[in-house]
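See structure below.
Residue numbers count from 1 along this sequence.
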Amino acid sequence: MRGEGRTPEEAFEQVALALCTRVTDPSTVEVREEVEVVCEAVDRSELLVEWLRSVVQWMASRQLRFRCFAVRLDGPRLFGHGFGEPLDPSRHRPSRDVRGFSLTGPTVRWSADGRWSAECEVEL
């Protein structure tokens with residue numbers, strides 16, 4: 001999975017959205033709820049792990065599906081918001097049950113073309 005953007009925040013938002021597309025089509029999700037996520041880590045790669053772990057936890061524990069995200073980074077901290085709604089099987093097709101995930105190879109980097117990318121391998 002990969003997210004790209006002009007800023008690291010945009011890359012984090014986009015990789016979370018890419019994760020959500022593995023569960024259901026975000027365009028079928030309405031914005032009815034907002035959840036707040038605060039993470040802290042020693043570097044951006046570990047912050048990516050904590051961010052995606054939090055998104056999966058919300059999807060699994062409350063059966064939430066997300067349409068979009070907003071992220072702000074402040075040093076070692078991430079302040080994120082997820083916007084979506086509870087699972088509605090009649091609209092969110094296909095939808096997979098989320099029980100957990102494994103994540104390998106997280107990287108966050110700036111490329112020579114001036115874009116940020118956040119990526120990792122994820123198995124739900």
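- Through direct or indirect side-chain contacts shorter than 4.5 Å among Ile, Leu, Val, Met, Phe, Trp and Tyr, Val38 is connected to Phe79.
- Note that CH2 of Trp58 is 9.5 Å distant from CD of Glu36, once rounded to the nearest 0.5 Å.
- Crowding of Arg115 atom CZ: a count of heavy atoms from other residues, nucleotides or ligands under 6.0 Å exceeding 12.
- Cluster annotation: Leu47 and Met1 are assigned to the same hydrophobic cluster (Ile/Leu/Val/Met/Phe/Trp/Tyr, side-chain heavy-atom contacts under 4.5 Å, transitive).
- A salt bridge links Arg91 to Asp88: one of the charged nitrogens lies within less than 4.0 Å of a carboxylate oxygen.
- Atom OG1 of Thr107 sits about 11.0 Å away from atom CG of Asp43, to the nearest 0.5 Å.
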Report the C-alpha distance between Thr24 and Thr28 in whole Å, list the side-chain angles of each, state the deciding distance to 0.1 Å, and finish with yes or no for side chain to side chain contact (heavy atoms under 4.5 Å, CB included).
CA-CA 8 Å; Thr24 197; Thr28 66; 4.2 Å; yes
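- Arg22 and Val122 make their closest contact through NH1-O, 3.2 Å (heavy atoms, listed as atom of the first residue, atom of the second, distance).
- Nearest heavy-atom pair across Ser45 and Pro106 is OG-O, 3.4 Å.
- Using a 4.5 Å heavy-atom cutoff, the side chains of Cys120 and Leu52 are in contact.
- In this structure, OG on Ser54 lies 8.5 Å from CG on Leu78, to the nearest 0.5 angstrom.
- Under the 4.5 Å side-chain contact rule for hydrophobic residues, Val29 and Val55 do not share a cluster.
- With respect to the salt-bridge test (charged N to carboxylate O, under 4.0 angstrom), the residues Glu4 and Arg2 qualify.
- At a threshold of 4.5 Å between side-chain heavy atoms, the hydrophobic network of Ile, Leu, Val, Met, Phe, Trp and Tyr places Val35 and Val15 in one connected group.
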Tell me, with the steps shown, if Leu48 and Phe12 meet side chain to side chain contact (heavy atoms under 4.5 Å, CB included).
CA-CA 7 Å; Leu48 175 61; Phe12 274 66; 4.0 Å; yes
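- Rounded to the nearest 0.5 angstrom, Arg77 CZ and Cys39 SG are separated by 12.0 Å.
- Nearest heavy atom pair, residue Met59 against residue Leu64, reads CG-O, 3.2 Å.
- Atoms OG and CD, from Ser117 and Glu10 in turn, are 13.0 Å apart once rounded to the nearest 0.5 Å.
- Residues Glu119 and Arg109 come closest through the heavy atom pair OE1-NH2, 3.2 Å.
- Cation-pi contact between Arg44 and Trp51: absent, since separation from the ring centre below 6.0 Å together with deviation from the ring axis within 45° is not met.
- The aromatic rings of Phe66 and Phe69 lie tilted to each other, with the angle between the two planes from 30° to 60°.
- Closest non-hydrogen pair, Pro86 versus His92, comes out as O-CE1, 3.5 Å.
- Listed here is the closest heavy atom pair of Glu13 and Val71: OE2-N, 2.9 Å.
- Atom CD of Gln57 is separated from atom CD of Glu50 by 10.0 Å, given to the nearest 0.5 angstrom.
- Within a 6.0 Å radius of CD in Glu121, other residues, nucleotides and ligands contribute 12 heavy atoms or fewer.
- Note: the hydrophobic cluster containing Leu73 also contains Trp110 (ILVMFWY, side chain heavy atoms under 4.5 Å, direct or indirect links).
- By the 4.0 Å N-to-carboxylate-O rule, Glu85 lies too far from Arg67 to be salt-bridged with it.
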